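Below, chain A is the first sequence line, B the second, and so on; all start at residue 1. The structure displayed is predicted, hence computed values, not measured ones.
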Number of protein chains: 2
Amino acid sequence: MLAGISYGEAKKTLGEQAYESIREEILSLRLHPGQTVYESDFTRMLNMSRTPVREAVRALSMERLIEVLPQRGMKIALISERQVEETRFVRESLEVSAVACLADKSGSPEVRANLEEALHRSLEEQRRCVQQEDAVRFLHADDQFHQVFLQALGNITLASIVSQMRGHLNRVRMLSLFEPEAMIQLVHEHEQIVEAVLSADTDQAARAMRAHLGRLMEDLPIVKARYPDYFDASDGTAR
Amino acid sequence: MLAGISYGEAKKTLGEQAYESIREEILSLRLHPGQTVYESDFTRMLNMSRTPVREAVRALSMERLIEVLPQRGMKIALISERQVEETRFVRESLEVSAVACLADKSGSPEVRANLEEALHRSLEEQRRCVQQEDAVRFLHADDQFHQVFLQALGNITLASIVSQMRGHLNRVRMLSLFEPEAMIQLVHEHEQIVEAVLSADTDQAARAMRAHLGRLMEDLPIVKARYPDYFDASDGTAR
DNA sequence: TATCGTATACTTGTATACAAGTCAATATAA
DNA sequence: TTATATTGACTTGTATACAAGTATACGATA
């Protein structure tokens, strides 16, 4: 291999690049919920042909982040209260099971050691974000914290489902932009989860995670009131 | 609309047709785990161009039912013990949460009424399959039984994840071809779940479903021993 | 004989051409 | 004026052409 060139980074197909780029545009809200877009917008933006763009669009449409209107274009998915709650429910179920399983296994020294190190590092990073009042970076640190458990569990299928679910939830969180007190509260809840898992208290770990993810969309009504255009008005009726 | 033609059936794109056809070929094992196939096989089989075939292949590859080898072809995914266990874990987590939630709600008369009717009908169908010793039809009835809960819960996101998970598990079940006693045992477990949910006993419903899905892949070692070629030998190492 | 280079016949990845549906503006007719 | 065709400029769905990577057979060379 040529020195310095593509050291370790696997070469991605254009389709994969398109998927990642467009998804990031959607989750960052640079593409607005409800906005009408066309394949041609993406071919121009990414400077590639329709084929890889369509591939990405199909994938995002299966993920329910894009709604394709045949022969008429496509819409960036509105934030749907129903979709958010469905997604939150799935995340709660899977992550509760994950930490319960990990708490069971945390008797084993090598599992425990890896987990402990990674969790404490993540908590430190979160505290730094709080101190610097950097909400966007905190959002990322929060996701990373949860990712630590999924990584440790080693269930790739579960991890990829959860990260897909996070997409829908994070658009809401981007709009809520935490107050410092909210971040402090979240760090506190995280600490309780860590405490329970590392002390191998399965039930307490499950309860703590369930409570934590139960409160995840607590301020959705406020966000919805402030950005009504981004939300699906006909929620609950047809989909 | 022309009388008798496409009465109520939404017109599907070729891509969707290809997805369903190929998926069915894989799950029925008519396409063997590990078998090498090419896009051209599907274009001939389905009499359409590469574009919709590729669309289907991409989707199935995300579902991990097909493994694409760039520039070399593709392989029908081997049955991976790891994949099966990951998938079973996800299903257990989600379905336990689902029945727990339903048991909570089954105090409400209209929820209860709908559920009760559908569940008892499904149990009857299962008993018929046992009586006629029709294992394939039983497999389908079993899936339908679980689907009743997901339908009643009304969480479309959760339901579609579970039905995706079922794909990997059902290839194993197709190979195990139940003995009559095994079917009787499964019906019995189903009855216990129904009993618990309808009597609003949340904990018992969760326990019964967890036990039921915990035993789901009990005979995987036997199947693996009988059909070693269909299984991923390098399981647990790289993926 | 064994090794290496090369041509070739595959494959998938990507770009483009063509078909067909949708919508809005506009011309036409009552 | 109002209702109805009609046209045309869009869109996505589908087919095909082209680019580039991979494996294999085969012949030249040591």
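Rounded to an integer number of Å, the gap from OH of A:Tyr38 to C1' of C:dC23 is 10 Å. Taking atom CD of residue A:Glu55 and atom P of nucleotide D:dT12, one finds them 16 Å apart after rounding to whole Å. Summarising the geometry, the separation between CG on B:Asp41 and P on C:dC10 is reported as 13 Å, rounded to the nearest angstrom. Rounded to whole angstrom, the span from the CZ atom of B:Arg54 across to the P atom of C:dA15 amounts to 12 Å. In this structure, CG of A:Leu46 is placed 14 Å from C1' of C:dT14, rounded to the nearest angstrom. One atom, NZ of B:Lys11, and another, P of D:dG13, lie 13 Å apart when rounded to the nearest Å. In this structure, B:Met48 places its CE atom 7 Å from P of D:dA15, rounding to the nearest Å. As rounded to whole Å, 19 Å separates atom C1' of D:dT14 from atom CZ of B:Phe42.
Comparing A:Asn47 and B:Ser40 along DNA chain C, the residue whose closest nucleotide (by nearest heavy atom) sits nearer the 5' end is B:Ser40. Residue A:Ser49 is the one, among A:Pro70 and A:Ser49, whose nearest nucleotide of DNA chain C lies closer to the 5' end (criterion: closest heavy atom).
Distances were taken from every side-chain heavy atom of A:Thr13 (C-beta onward) to each of D:dA15, D:dT11, C:dG13; the shortest belongs to C:dG13. Considering only side-chain atoms of A:Arg72, the nucleotide from C:dC23, C:dT14, D:dT14 that sits closest is C:dC23. Checking D:dG13, C:dG13, C:dA15 against the side-chain heavy atoms of B:Glu39 singles out C:dG13 as nearest. The side chain of A:Leu14 lies closest to C:dA15 when the candidates are D:dG13, D:dA15, C:dA15.
Electrostatic pairing of A:Arg23 and A:Glu20 does not count as a salt bridge here, judged by no charged N lying under 4.0 Å from a carboxylate O. B:Arg88 has a carboxylate O that lies under 4.0 Å from a charged side-chain N of B:Glu85, or vice versa, which qualifies the two as a salt bridge.
Residue-to-nucleotide contacts include a donor-acceptor pair under 3.5 Å from the side chain of B:Arg50 to the base of C:dG13. Side-chain atoms of A:Gln71 and base atoms of C:dT22 include no donor and acceptor less than 3.5 Å apart.
Smallest separation of non-hydrogen atoms from B:Leu102 and B:Phe149: CD1-O, 3.4 Å.
In this structure, B:Thr51 does not reach the D:dG13 phosphate: none of its side-chain N or O atoms is under 4.0 Å from OP1 or OP2.
Of the candidates A:Arg82, A:Glu86, A:His168, B:Thr157 forms a side-chain hydrogen bond (donor to acceptor under 3.5 Å, both in side chains) with just one, namely A:Glu86.
Looking only at atom types and distance, the side chain of B:Ser122 has a donor-acceptor partner in the side chain of B:Gln126 under 3.5 Å away.
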